[in-house]
Amino acid sequence: MADPMTQSSQISSSQGLNDGHSAASKDSKFSDSFFSSPVSLIQSPQVNDLVHWRDPKKSGVVFGVSLLLLLSLAAFSVISVVSYLLLSLLCVTISFRIYKSVIQAVQKSNEGHPFKALMDKDVTVPPETFRKHVDGCLSHVNRALKQMSRLFLVEDLVDSLKLAVVMWLLTYVGAVFNGITILILADILLFSVPPIYEKNKTQIDHYIDIARTQFNTTVAKLQEKLPGAMKRCKAE
């Protein structure tokens, strides 16, 4: 017959292992759900068609407008850019309104206000739609807060070290580029990389697999070199 103390220690150790596995699986699911929203946005059909230039005219307009806006923000302040945009819009609408009024006066027609069809449209936001988007944003904020607490409170040492390395690299990026420059480069890459990747998918996937294998090997070596006491504390 087994010793009661031995049975108790075996039960507690098995429970600890089960708790560790469940916590690891929970963190994995949480990390997947946290990063799934930006990936799902990029992989949405509308964005996918834009960045792959399925419709060259639409993609060209979106790319040109976004790049022009970012370049304007790089050269001028946000207040100036917004003011110039609204002023340009007002100039267009007022000019069109005066033009239509003159045409109606010359032709003696009574077509009414040129923007009547647009003014009759309901532009209000329904409360249900507003609450839906607020709830969606709140869920993303809560996920981000949980992820930040997990990383900055060093729940997993390896993940926290990864974040430290990324932040250290970003200090060098910030010394060379500012935020607007990075957004301009990101906009150019967003509209140029997908078509290039689509044409050279096989070769690019091959090099990505090599880089991923080397990265996983390096991470595994780092995990093996962790102090034994730290591993025991983490298991507890």
- prompt: Passes side-chain contact (heavy atoms from CB on, under 4.5 Å), Val61 versus Lys57? Steps please.
  reply: CA-CA 6 Å; Val61 169; Lys57 291 183 179 179; 5.6 Å; no
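- In this structure the side chain of Tyr197 reaches within 4.5 angstrom of the side chain of Asp205, judged on heavy atoms.
- In this structure, CG on Leu50 lies 11.0 Å from NE2 on His52, to the nearest 0.5 angstrom.
- The existence of a salt bridge linking Asp135 and Lys132 is excluded, since no basic side-chain nitrogen approaches an acidic carboxylate oxygen closer than 4.0 Å.
- In this structure, the side chain of Ser95 does not engage the main chain of Val92 through any donor-acceptor pair within 3.5 Å.
- Between Ala117 and Lys121, the shortest heavy-atom distance links the atoms O-CG, 3.4 Å.
- Distance alone, capped at 3.5 Å, places no donor-acceptor pair between the Ser59 side chain and the Pro56 backbone.
- In this structure, Val51 is not a member of the same hydrophobic cluster as Val65, with clusters built from ILVMFWY side-chain heavy atoms closer than 4.5 Å.
- The CG atom of Leu183 lies 11.5 Å from the CD1 atom of Ile188; values are rounded to the nearest 0.5 Å.
- Summarising the geometry, atom CG belonging to Leu138 is positioned 11.0 Å from atom CZ belonging to Arg143; distances are rounded to the nearest 0.5 Å.
- Classification of the Trp168-Tyr172 ring pair by plane angle, with boundaries at 30° and 60°, yields perpendicular.
- Note: Leu87 CG to Cys91 SG = 4.5 Å, rounded to the nearest 0.5 Å.
- Listed by chain and residue number, Lys116 satisfy the salt bridge (Lys or Arg N to Asp or Glu O under 4.0 Å) test with Asp120 (two or more places apart in sequence, or in another chain).
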message: One pair to check against side-chain contact (heavy atoms from CB on, under 4.5 Å): Ile204 and Ile208. What are the steps and the verdict?
response: CA-CA 6 Å; Ile204 295 175; Ile208 290 177; 3.6 Å; yes
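- Every salt bridge (Lys or Arg N to Asp or Glu O under 4.0 Å) that Lys162 has, sequence neighbours left out, goes to Asp159.
- Two residues are said to be in side-chain contact when any heavy atoms from C-beta on lie closer than 4.5 Å; Ile94 and Ile98 meet this criterion.
- Under the 4.5 Å side-chain heavy-atom criterion for Ile, Leu, Val, Met, Phe, Trp and Tyr, Val158 and Phe215 are members of the same hydrophobic cluster.
- Expressed to the nearest 0.5 Å, how far CD of Gln147 lies from CD of Glu155 amounts to 9.0 Å.
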task: Carefully, step by step, assess Ile184 and Asp187 under the rule side-chain contact (heavy atoms from CB on, under 4.5 Å).
output: CA-CA 5 Å; Ile184 293 173; Asp187 187 49; 5.7 Å; no
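- Between the side chains of Ser101 and Arg97, at least one donor N or O sits under 3.5 Å from an acceptor N or O.
- Between the side chains of Thr181 and Asn178, a donor-acceptor pair is found at a separation under 3.5 Å.
- Of all the heavy atoms in Thr213 and Thr217, the pair that sits closest is O-OG1, 2.8 Å.
- The shortest distance between side-chain heavy atoms of Phe96 and Pro114 falls below 4.5 Å.
- Between the side chain of Trp53 and the main chain of Phe191, a donor-acceptor pair closer than 3.5 Å is present.
- For the pair His113 (side chain) and Phe115 (backbone), a donor-acceptor distance under 3.5 Å is present.
- Placement of Leu151 and Met148 within a single hydrophobic cluster is found when ILVMFWY residues are connected by side-chain heavy-atom separations under 4.5 Å, directly or transitively.
- Both Ile180 and Val81 are members of a single hydrophobic cluster when ILVMFWY side chains are connected at heavy-atom separations under 4.5 Å.
- The CD1 atom of Ile182 sits 11.5 Å away from the CG atom of Leu189 when rounded to the nearest 0.5 Å.
- Residues Val78 and Leu69 share a hydrophobic cluster, clusters being chains of Ile/Leu/Val/Met/Phe/Trp/Tyr side chains in contact below 4.5 Å.
- Residue-environment remark: CD1 (Ile210) exceeds the threshold of 12 foreign heavy atoms within 6.0 Å.
- Under the 3.5 Å distance criterion, with hydrogens and angles disregarded, no donor-acceptor pair is assigned to the side chains of Ser80 and Ser83.
- The nearest pair of heavy atoms linking Arg212 to Asp209 is NH1-OD1, 2.9 Å.
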